[in-house]
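Okay, structure first, notes after.
Note that the numbering runs from 1 along the sequence shown for the chain. These numbers come from a predicted model, not from an experiment. Both backbone and side-chain heavy atoms feed into the values below; hydrogens, waters and symmetry mates do not.
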Amino acid sequence: MARSTARFTARRRHPGTHALLAAGAAVMVLPFVWQFLTSLKSLSSATRVPPTIEPDWHWSNYARVFELLPFGEQFLNTLLTAVGRTAGQLLFCSMAAYAFARLRFPGRNVLFGVFLSVLMVPPPLFVIPQYEIMAKLGWLNSLPALIVPGLFSAFGVFLLRQFFLGLPKELDEAARLDGASPLRIYWSVMLPLAKPGLLALAILAMLWSWNDLFWPLIVNTDPDKMTLSAGLAALQGQFQTDYPILMAGSLLASLPVIAVFFVMQRHFIEGIALSGNKG
């Protein structure tokens, strides 16, 4: 009872902060509300000037999405791509981060600086060489072309390195005294303790992969091999776009990642906060 009273008193002391947060939340939610209302309109209502808020309740727009797109195949492609990229980044980024944070070898800081320099290179510069590699491997219009280029992330290495640096060094020393190898220490000691950082990276990698448009639109031209983002982009015509159907498809594509974020948001915030404890 006393704890509840203290929380209520703390809330009353900062009404301006809560009002500001509520206003920010409303601004963030407004685009989704507008998207939902537009998805229930006719094309004439959606393109009316001035715009109207009231929907026409055309629920058939959602059925039309499945008629115009191989939505099930594209959803599966998107899911497999996101899961594959996320799993690859968790494995390879954590291994590299552990090496940079806990192992001593010549040129470690210089090599890590080179890794960080990749973050300053615009991603479109990698498109042509990556496309040529996929073409020579014969992977165009295939799932490997979507997954393999995203198996590693310089940001993921940086994020997990910061997390590993915050762990006590006595853990390594105790494990070495017990005869554990560096690989054993990484797998059995460090990874379990790095769970918050791994979850934060997993959520970020999942969101990036799910929303990725540029690379899937280039490497896969077969509608059955596209991801949802590329498939929805194909709904935009050169002279006219059916915005209600486009909004309906976008909303359907957004629901899984919104659900994942709401379920994992506590772990995400915790992982980001702990990763910044030590530089």
Where do [X] and [Y] come nearest, in terms of heavy atoms and distance?
X      : Y      : result
Leu160 : Ala97  : CB-CB, 3.5 Å
Asp222 : Asn141 : N-OD1, 3.0 Å
Pro223 : Pro70  : O-CG, 3.7 Å
Leu69  : Gly231 : CD2-O, 3.5 Å
Arg85  : Ser209 : CD-OG, 3.1 Å
Phe164 : Ala101 : CB-CB, 3.6 Å

First locate atom [atom1] of [X], then atom [atom2] of [Y], and finally report the distance between them rounded to the nearest 0.5 Å.
X      : Y      : atom1 : atom2 : result
Ser153 : Phe115 : OG    : CZ    : 11.0 Å
Leu137 : Glu132 : CG    : CD    : 12.0 Å
Leu207 : Asp212 : CG    : CG    : 12.0 Å
Leu217 : Leu232 : CG    : CG    : 11.0 Å
Ile53  : Lys41  : CD1   : NZ    : 7.5 Å
Leu91  : Leu191 : CG    : CG    : 8.5 Å

Examine distances only and state if a side-chain atom of [X] and a backbone atom of [Y] form a donor-acceptor pair shorter than 3.5 Å.
X      : Y      : result
Asn61  : Ala248 : no
Gln89  : Gly156 : no
Trp210 : Pro256 : no
Ser250 : Met247 : no
Glu73  : Lys225 : no
Thr78  : Leu228 : yes
Thr86  : Val83  : no
Arg108 : Leu103 : yes

More than 12 heavy atoms of other groups within 6.0 Å of [X] [atom1]:
X      : atom1 : result
Phe126 : CZ    : yes
Arg184 : CZ    : no
Trp208 : CH2   : yes
Phe262 : CZ    : no

Do [X] and [Y] pair up side chain to side chain, a donor and an acceptor below 3.5 Å, judged on atom types alone?
X      : Y      : answer
Asn77  : Thr227 : no
Tyr243 : Thr47  : no
Ser45  : Ser42  : yes
Ser94  : Tyr186 : yes

Within the 4.5 Å heavy-atom criterion, are [X] and [Y] side-chain neighbours or not?
X      : Y      : value
Leu140 : Val219 : yes
Leu111 : Phe100 : yes
Leu40  : Tyr62  : yes
His58  : Pro244 : no
Asp242 : Leu235 : no
Phe163 : Leu198 : no
Phe92  : Val157 : no
Gln74  : Phe71  : no

Trp57 and Trp59: side-chain contact (heavy atoms from CB on, under 4.5 Å), yes or no, with the steps? CA-CA 6 Å; Trp57 305 110; Trp59 294 100; 4.0 Å; yes
Aromatic ring pairing Phe155/Phe158, orientation class (parallel under 30°, perpendicular over 60°, tilted between): tilted
Verdict with supporting geometry, Lys136 and Ile133, side-chain contact (heavy atoms from CB on, under 4.5 Å): CA-CA 5 Å; Lys136 291 180 179 179; Ile133 293 174; 6.0 Å; no
Membership question, hydrophobic clusters at under 4.5 Å side-chain separation (ILVMFWY): are [Y] and [X] in the same one?
X      : Y      : value
Leu183 : Ile185 : yes
Leu213 : Ile128 : no
Met190 : Leu177 : no
Leu21  : Leu30  : no
Trp187 : Met95  : yes

Is it true that Arg64 and Glu67 have a side-chain N and a carboxylate O under 4.0 angstrom from each other? yes
So that I can tick it off, tell me whether Arg102 and Asp172 are bridged by a salt bridge, with the cut-off set at under 4.0 angstrom between side-chain N and carboxylate O. yes
Checking side-chain contact (heavy atoms from CB on, under 4.5 Å) for the pair Leu252/Phe66: CA distance, chi angles, key distance, verdict? CA-CA 11 Å; Leu252 290 174; Phe66 292 88; 3.9 Å; yes
